[in-house]
Asker: 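Please find one structure pasted underneath; my questions will follow.
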Amino acid sequence: MMYDFNADDIFEMAEQMERNGATFYKTAAAAIDDEQSRQFLLELAEMEIDHEKTFAKMRSSLSAAETASTV
């Protein structure tokens, strides 16, 4: 099976992956008793949130051709 994604689709997937990563790190942080490890995981979650914002900004600057449906 072949998929044909445009740039908008790729950025949408990237944003979702970053949201998933942030959720993962926050969940892991909540399950850790060690404060240093918890803070590290929360920092990783914040990095994922920053990445999501970066991808969203990049996505918002796409041209109409880059967001056109490929189906």
Side-chain angles (χ1 to χ4, degrees):
M1 184 180 300
M2 184 174 158
Y3 296 100
D4 197 13
F5 299 109
N6 63 26
D8 186 59
D9 296 330
I10 301 300
F11 281 119
E12 181 180 3
M13 287 184 270
E15 289 174 50
Q16 185 60 55
M17 289 173 64
E18 299 301 334
R19 283 190 292 273
N20 293 349
T23 299
F24 172 82
Y25 289 128
K26 289 176 183 178
T27 302
I32 300 285
D33 291 330
D34 178 62
E35 184 61 30
Q36 184 177 3
S37 296
R38 182 183 306 113
Q39 287 305 313
F40 177 68
L41 290 166
L42 291 174
E43 287 174 24
L44 291 174
E46 286 301 317
M47 288 180 191
E48 298 289 12
I49 292 167
D50 288 342
H51 299 159
E52 180 190 354
K53 289 176 186 175
T54 299
F55 286 131
K57 183 177 178 181
M58 293 169 72
R59 185 177 177 203
S60 71
S61 68
L62 293 175
S63 69
E66 293 168 318
T67 61
S69 176
T70 56
V71 176

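Both backbone and side-chain heavy atoms feed into the values below; hydrogens, waters and symmetry mates do not.
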Asker: Rounded at 0.5 Å granularity, tell me how far CE in Met47 sits from NE2 in His51.
Answerer: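 Answer for the CE-NE2 pair, Met47 versus His51, is 7.0 Å.
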Asker: Are Phe5 and Phe11 connected in a single hydrophobic cluster, I mean Ile/Leu/Val/Met/Phe/Trp/Tyr linked by side-chain heavy atoms less than 4.5 Å apart?
Answerer: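 Result: no, two separate clusters.
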Asker: Looking only at the side chains, is there a donor atom on one of Glu12 and Gln16 sitting less than 3.5 Å from an acceptor on the other?
Answerer: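 On atom types as modelled, these side chains do not qualify, holding no pair under 3.5 Å.
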Asker: Between CD of Glu52 and CD of Glu15, what distance do you get to the nearest 0.5 Å?
Answerer: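 One finds 6.0 Å between CD of Glu52 and CD of Glu15.
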Asker: When rounded to the nearest 0.5 angstrom, what distance separates CG in Asp8 from CD in Glu66?
Answerer: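 One gets 9.5 Å once the value is rounded to the nearest 0.5 Å.
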Asker: Minimum heavy-atom separation for Met58 to Ser61, with atom names?
Answerer: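 Looking at all heavy atoms of both residues, the closest pair is O-OG, 2.8 Å.
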Asker: Would you say Met17 and Phe24 are hydrophobically clustered, going by side-chain heavy atoms of ILVMFWY under 4.5 Å?
Answerer: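 No, Met17 does not connect to Phe24 through the hydrophobic network.
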Asker: Rounded to the nearest 0.5 Å, what separates atom NZ in Lys26 from atom CD in Glu46?
Answerer: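 If we round to the nearest 0.5 Å, Lys26:NZ and Glu46:CD are 6.5 Å apart.
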Asker: Considering non-hydrogen atoms only, spot the tightest contact between Ala68 and Asn6 and give its length.
Answerer: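 So the minimum-distance heavy-atom pair works out to O-ND2, 2.6 Å.
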Asker: Would Phe55 and Ile49 show up in the same hydrophobic cluster when neighbours are defined by side-chain heavy atoms closer than 4.5 Å?
Answerer: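 Different clusters: Phe55 never reaches Ile49 through Ile, Leu, Val, Met, Phe, Trp or Tyr contacts under 4.5 Å.
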Asker: Do Ile32 and Leu42 share a hydrophobic cluster, counting only Ile, Leu, Val, Met, Phe, Trp and Tyr and linking them when any side-chain heavy atoms are less than 4.5 Å apart?
Answerer: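 Different clusters.
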Asker: If you count heavy atoms of other groups shown closer than 6.0 angstrom to CD of Gln36, is the number above 12?
Answerer: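 Counting neighbours around CD of Gln36, 12 or fewer heavy atoms of other residues, nucleotides or ligands fall under 6.0 Å, so no.
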Asker: Within this structure, what is the CG-CZ distance for the pair Asp33 and Arg38, rounded to the nearest 0.5 Å?
Answerer: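 One gets 6.5 Å once the value is rounded to the nearest 0.5 Å.
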Asker: Distance from Met13 atom CE to Asp9 atom CG, nearest 0.5 Å?
Answerer: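 So the CE of Met13 and the CG of Asp9 are separated by 5.5 Å.
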